2 protein chains.
Amino acid sequence: MSDSHKYVVSCQACSLNALCVPHSLTEEEIELVDATVKRSKPVQRNKTVFESGDAFSSLYAVRSGAIKTYSVDEDGEEHVIGFYLPGEMFGMDAISRNVHISSAKALETTAICEIPYNRLEELSAKVHNLQSHMYRLLSREIADDQDLQLMLSKKTAEERIGNFLLNLSHRYQMRRLSPTTFRLPMARTDIGNYLGLAVETVSRIFTRLQKNQILKVDGKEVEILDHNRLCEIANACHEHKH
Amino acid sequence: MSDSHKYVVSCQACSLNALCVPHSLTEEEIELVDATVKRSKPVQRNKTVFESGDAFSSLYAVRSGAIKTYSVDEDGEEHVIGFYLPGEMFGMDAISRNVHISSAKALETTAICEIPYNRLEELSAKVHNLQSHMYRLLSREIADDQDLQLMLSKKTAEERIGNFLLNLSHRYQMRRLSPTTFRLPMARTDIGNYLGLAVETVSRIFTRLQKNQILKVDGKEVEILDHNRLCEIANACHEHKH
DNA sequence: TTCACTCATTGATCTGCATCAATGACTGTC
DNA sequence: GACAGTCATTGATGCAGATCAATGAGTGAA
């Protein structure tokens, strides 16, 4: 078995296909999708998948591990744009410009699927369900980005952290993982950067939530002890029911 | 001539078609697009195009005037999500949920094109260029939203206003309107709400920019006197060259 | 013209979070 | 197992921008 084969698991066999692949595809259609997906060996922690300035050629999906996307400004400052968990697609912001404006880096050893964009485009013109899936996926990203904008422009530090944790909790639940006990794949700095807060603020709020018995934090391990109160703090319970 | 015909201008004849319609379509293809577009009489100031909770059935493009999109939270507070000028499409965040989560309201008397989504989907499967156009359009919205996120999470009030004005200036220029002298279609409250600032802050910064000879403000009329210094203040000149 | 209402501006005060500073805990390396 | 480097926590201080308050300017209705 060659190196590159170790990581090859077909879309049919992938535990995440409910998230990635539209449900309504026929077996044949899934095979077509499957055939366009390139799987290479996992990306090591801190290695980039693509960098700002790279030519755009593919979209990517996380299979296992976690990815952060970010941009770097003229002063060399990093700005975290998003975090992606297994089953989530990233790189979609580059379609319009044909060049990556953001960079993507592995937060831990991460397996990814690479989907060459021109082949995806062709295929989606033929397979109607795939096209609507793509439209929904892109639209979903827009809606999520707009939710984040609302957070950044209106919410307090505590509300942001609360929402952030509930959002992660919900995404882990979708992946059939525990919504109450999970590991934060990113550093506190990244969380602060993403939410527009100083690291110190993130840290302080974590300890405060811990004191109030809402959260149990041990380094990157987090346990949500009181989901309801966390919702109250986040000021946005309903948003995480879907 | 019936009422509804007054506003009917084909895509071919529309001065905005360079912005809306992909350049590479054949004449026949443009006619197909044209045939799917519904044009109704202008929306009066403060009237909504759609509201949160409405079933999603169409995307919309602004022909003339201006639209703001916003959501309303449980406390009845409005949160401005975006502003749309002639040639820009809105409503794309609703594709993924099949329901509008945001509302759209006319900031002044506004003519819009309505594009029934299911017909657009069908057509885009047939017309390859239209499909890639749609992908690019959606991706563009994602990239723009991410730019805004960066602003909201990292920039000072002055930088936000600077960027906002430069962004508008650039969009007017794309429409072959003056990039230096234009009218703000939205109220100060809306600007503040959108940028995550208090109205008072917006007002103060406008007067400060005026004192420093960078801007001339008279109500909603704005003239950019010193584009370079505005760029410096915005800390993002390059972003508006494209 | 006057009244009612909304919107914009300006000043005074308050506060949430950034910033600065220092220490502790953890990780990998030789 | 000592050292360097990164990351997290906690405390002290300062400031950008929110909030509160008041006035003025613009708009439409009767």
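Values below: all heavy atoms of this structure, side chains included; hydrogens, waters and symmetry mates excluded. Note that the coordinates shown come from a computational prediction; the quantities given were computed from them, not determined experimentally. The chains referred to below are lettered A, B, ... by the order of the sequence lines, with proteins before strands, and numbering in each begins at 1.
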### Query
In degrees, rounded to 10°, what is the bend between the two ends of the helix from dT1(C)-dA30(D) to dC30(C)-dG1(D), using five pairs at each?
50°

## Note on the structure
Leu184(A) atom CG is separated from dT9(D) atom P, nearest whole Å, by 10 Å

### Task
Only counting residues at least two apart or in another chain, list the ones meeting side chain to side chain donor-acceptor pair (under 3.5 Å) with Arg229(A).
Asp226(A)

### Message
Within the 4.0 Å limit for protein heavy atoms, which parts of nucleotides 23-30 of chain C are touched? Write it as a string from 5' to 3', B for base, S for sugar-phosphate only, - for none.
### Response
--------

### Residue Ala157(B), side-chain atoms from C-beta onward, closest of dG17(D), dA8(C), dC7(D)
dG17(D)

### Task
Would you kindly give the CE-to-P distance between Met186(B) and dC7(C), to the nearest whole Å?
14 Å

### Task
First locate atom NZ of Lys105(B), then atom CZ of Arg45(B), and finally report the distance between them rounded to the nearest 0.5 Å.
9.5 Å

### Task
Would you please indicate if the ring centroids of Tyr60(A) and Tyr84(A) are separated by under 6.0 Å?
no

### Message
My understanding is that only residues two or more places apart in sequence, or in another chain, count here; which of them pass side chain to side chain donor-acceptor pair (under 3.5 Å) with Ser102(B)?
### Response
Asp93(B)

### Task
Starting at atom CZ of Arg45(B), determine the distance to atom C1' of dG26(D), rounded to an integer number of angstrom.
12 Å

### Task
May I have all residue pairs that pass salt bridge (Lys or Arg N to Asp or Glu O under 4.0 Å) and include part of residues 200-215 of chain B, sequence neighbours excluded?
Glu158(B)-Arg208(B)

### Query
Rounded to the Å, how far apart are Phe206(A) CZ and dA8(D) C1'?
11 Å

### Query
How long is the line joining CD1 of Ile233(B) and C1' of dA16(D), in whole Å?
16 Å

### Message
Suppose the criterion is salt bridge (Lys or Arg N to Asp or Glu O under 4.0 Å): which pairs have a residue in residues 162-176 of chain B, not counting sequence neighbours?
### Response
Glu88(B)-Arg171(B), Glu88(B)-Arg175(B)

### Message
Once side chain to side chain donor-acceptor pair (under 3.5 Å) is applied, do any residues pair with Glu78(A), and if so which ones, sequence neighbours excluded?
### Response
Lys68(A)

### Message
Rounded to whole Å, how long is the line connecting atom CD of Glu159(A) with atom P of dG16(C)?
### Response
12 Å

### Task
Report yes if a side-chain nitrogen or oxygen of Ser203(A) is closer than 4.0 Å to either non-bridging phosphate oxygen (OP1 or OP2) of dT10(D); otherwise report no.
no

### Query
How close or far is atom P of dT10(D) from atom CD1 of Ile205(A), stated in whole angstroms?
13 Å

### Summary
Heavy-atom nearest pair, Phe83(B) first then Asp190(B), reads CZ-O, 3.7 Å

Contact list (N/O, under 3.5 angstrom) for nucleotides 18-21 of chain D vs protein:
unit_1  : atom_1 : unit_2    : atom_2 : d
dA18(D) : OP1    : Gly196(B) : O      : 3.3
dA18(D) : OP1    : Ala198(B) : N      : 3.3
dA18(D) : OP2    : Ala198(B) : N      : 3.2
dA18(D) : OP2    : Thr201(B) : OG1    : 2.3
dT19(D) : O4     : Arg204(B) : NH2    : 3.0
dC20(D) : N4     : Glu200(B) : OE2    : 2.9

### Query
Using 30° and 60° as the class limits, which term best fits the ring planes of His100(B) and Phe56(B): parallel, tilted or perpendicular?
perpendicular

### Message
For the backbone of Ala66(A) and the side chain of Thr110(A), can you confirm whether one donor and one acceptor N or O come within less than 3.5 Å of each other?
### Response
yes

### Query
Over how many whole Å does the gap from Leu215(B) atom CG to dA8(C) atom P extend?
15 Å

Below 3.5 Å between N/O atoms, which protein atoms pair up with nucleotides 3-6 of chain C? Just atom names and distances, please.
none

### Task
Identify, with sequence neighbours excluded, every residue that meets side chain to side chain contact (heavy atoms under 4.5 Å, CB included) alongside Ser203(A).
none

### Message
Run the side chain to side chain contact (heavy atoms under 4.5 Å, CB included) test against Thr207(B) and tell me which residues pass, sequence neighbours left out.
### Response
none

### Task
Please name all residues satisfying side chain to side chain donor-acceptor pair (under 3.5 Å) with Tyr194(B), sequence neighbours left out, ordered by chain then number.
none

### Message
Checking side-chain contact (heavy atoms from CB on, under 4.5 Å) between Ile191(B) and each of Leu197(B), Leu184(B), Val199(B), Ile205(B), which is the one that passes?
### Response
Leu184(B)

